[in-house]
Amino acid sequence: MDHKHLRNVAVIAHVDHGKTTLTDQLLYQSGMFRSEELDKLAGGQHNLVLDTGDIERERGITITAKNCAVSYRHKDGHEYTINLIDTPGHADFGGEVERVLNMADGCLLVVDAFEGPMPQTRFVLGKALALGLKPVVVVNKIDKPNARPEEVVNEVFDLLGQLDAPDDALDFPVVYASAKNGWATADHDRIGEDHPDNIADLYDAILSHIPEPYAEGSARGAAAGFTSRQAALDSPLQLSVTSIQYSEYVGRIAVGRVTAGTITGGQKVTVINRAGEGSQQRVLKVNVFDGLSQREVASVSAGDICAVVGLDPIDIGDTIACPDDPSALPSVKIDEPTLSMM
Ligand code: GDP
C-alpha cells in the first residue's frame, strides 16, 4: 500500500450531531458498494449502515470500536484509502477516547448547524488537540430551517481558542453538510442552493487537510519519535492494541495502528502485556479494513491500521513487538471512569 494515499481519520461529534449518518455517506458515495448491496445491508435504507447489528452478527464479530475504510478515487486520478475511526463521545471510560484518537492523523469534527459545539464536542476535541490532531470542521444539518452556520463556525473558533489550539488548527477548513440528504459544500455561498447528492468537497477536505501517516512534521510522527515514515518503517515492530474484537471462529482479534516496523501473517511476535511481561506468540493472519468488512493482506507496516488474528492472550493496551527486539509502547492509561466527565 502506498501510504501517501492513506488517511487515518477520527470522526468526532456530540451525540446526535450526525456522525453515523455522515460516515455512512462517506461509505455510500465512495462507490464501493453497489446500491443493491447497500440496500441489503441496511435493510432497505441507505442510511445508518454502521448501526446495523445484522452486519455484525453475519460476520460473527462483536464490534467494540467501530472501524471502517473507504476507498475513494479522487479527481487527481489516485485511489485513496480513508480509515474512518469512530470515536466515542461519551465519558472516557478507561482512557478509550485517547486510545482511539491515537490511531488517527487528523479528525473530522461534526457539529450540528443549529446546536453548535456541545459538551462532548469540547471533551473529545480537547483530547484530539492534546495529541496534535487538527480538525476538519463539518457543520452538519445545514438543511435545518433554524441552522445558523456562521455563528456555529465562530463558536467552534472560540472553542479552539479556549482549548489552546495551535494557530494552524485555528485556521480550520469548514465543510457545510446535510449528511441526511447526502450533500456537502465547502463554499459558504452555495449553502442555500439546491444540491445534487454529492459530498466531493468533503472527500477533498479530508484528503487535502488530513496528513498521510508520518508526514513531515505530523503529530503522530513526532509523538512516536520518528522524523519520517522510512524511519518508522526501519524500526522494530511495535503495535499498541486499541481494541479487541471477538469472532466465534478465530477468537480474539487485536485492532490497532502499527507504530513502527512491519507485521506479517504467520510471523512470530512478542506480546508485551501491561504488566510488562512478554509472551512469544505466532500471528495467524493480518487484516486491513475494507468497507465494513476486513480483508486479509500479507503484511502491513508503520502507519497502517489493522486487525491481527491468532494472538491469545492479548488485551487492550498490550504491545505487539518484534521478538528479537521487544519493547513496549507507552500504554495510554486504563483507569476508572471519571464521574466528573459524565
Ligand atoms: P450520531 O449520534 O452523531 O451518530 O448521529 P446520527 O447520525 O445517528 O444522527 C442523529 C439524527 O440526526 C438522526 O435522526 C439523523 O437522521 C439526523 N441527521 C443526521 N444528519 C442530518 C442532517 O444533515 N440533517 C438533518 N435534518 N438531520 C440529520
Side-chain angles (χ1 to χ4, degrees), residues 9-30 38-39 41-56 63-68 70 82-93 96-97 100-101 104 107-125 127-128 135-153 155-156 159 174-188 190-203 205-206 292 342:
V9 184
V11 188
I12 297 176
H14 188 81
V15 64
D16 273 352
H17 281 197
K19 185 171 60 168
T20 311
T21 312
L22 195 79
T23 303
D24 195 70
Q25 279 298 326
L26 283 163
L27 277 162
Y28 175 54
Q29 292 202 23
S30 68
L38 220 109
D39 276 344
L41 285 170
Q45 295 177 334
H46 283 322
N47 57 351
L48 299 182
V49 169
L50 285 188
D51 274 354
T52 312
D54 288 348
I55 302 166
E56 297 173 17
I63 295 180
T64 50
K66 291 172 183 167
N67 292 282
C68 64
V70 173
I82 307 170
N83 278 312
L84 294 171
I85 305 157
D86 184 23
T87 313
H90 54 69
D92 191 21
F93 291 111
E96 187 185 358
V97 171
V100 168
L101 288 172
C107 61
L108 209 55
L109 182 71
V110 185
V111 184
D112 183 299
F114 169 68
E115 285 194 354
M118 297 294 277
Q120 290 166 15
T121 321
R122 181 190 187 94
F123 173 63
V124 186
L125 179 61
K127 292 199 176 275
V136 168
V137 174
V138 181
V139 177
N140 187 39
K141 308 200 187 186
I142 202 83
D143 59 282
K144 277 176 147 183
N146 53 4
R148 42 182 199 95
E150 300 80 13
E151 282 166 37
V152 166
V153 169
E155 288 167 14
V156 172
L159 177 60
V174 180
V175 179
Y176 304 91
S178 172
K180 192 173 149 185
N181 296 313
W183 60 259
T185 176
D187 183 351
H188 176 271
R190 296 197 51 211
I191 292 175
E193 293 177 12
D194 282 340
H195 291 268
D197 283 5
N198 186 330
I199 54 166
D201 281 7
L202 179 56
Y203 292 111
I206 292 171
L292 291 159
M342 301 190 65

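Side chains are part of it too, since the values below use all heavy atoms of this structure and drop only hydrogens, waters and symmetry mates. For ligands, and for the atoms within them, numbers begin at 1 and follow the listed sequence. Count residues from 1 along the sequence.
Of the charged side-chain nitrogens involved, none lies within less than 4.0 Å of a carboxylate oxygen, so that Glu115 and Lys144 do not count as a salt-bridged pair.
Geometrically, ligand 1 and Val15 share no nitrogen or oxygen pair separated by less than 3.5 Å. Ligand 1 has an N or O atom lying under 3.5 Å from an N or O atom of Asp143, backbone or side chain. Not a single N or O atom of Asn181, backbone or side chain, sits closer than 3.5 Å to an N or O atom of ligand 1. Between Leu22 and ligand 1, a contact under 3.5 Å exists for no N or O pair.
Between Pro119 and His14 there is a side-chain heavy-atom pair separated by less than 4.5 Å. Side-chain contact between Asn140 and Thr21: absent, with no pair of heavy atoms (C-beta onward) separated by less than 4.5 Å. The closest side-chain heavy-atom distance from Leu108 to Thr23 is not below 4.5 Å.
Every atom of ligand 1 is numbered from 1 in the order shown, and the set under 4.0 Å from a heavy atom of Asp16 is 1 (P), 2 (O), 3 (O), 5 (O), 10 (C), 12 (O). Short contacts between ligand 1 and Asn140, defined as distances under 4.0 Å to a heavy atom of the residue, involve ligand atoms 20 (N), 21 (C), 23 (O).
Nearest-heavy-atom check against atom 12 (O) of ligand 1 across Lys141, Lys180, Lys19 picks out Lys141.
Taking both residues in full, the closest heavy atoms of Asp201 and Thr185 are given as OD2-CA, 3.4 Å, listed atom of the first, atom of the second, then distance.
Rounding to the nearest 0.5 Å gives a distance of 8.5 Å between CD of Gln120 and NE2 of His17.
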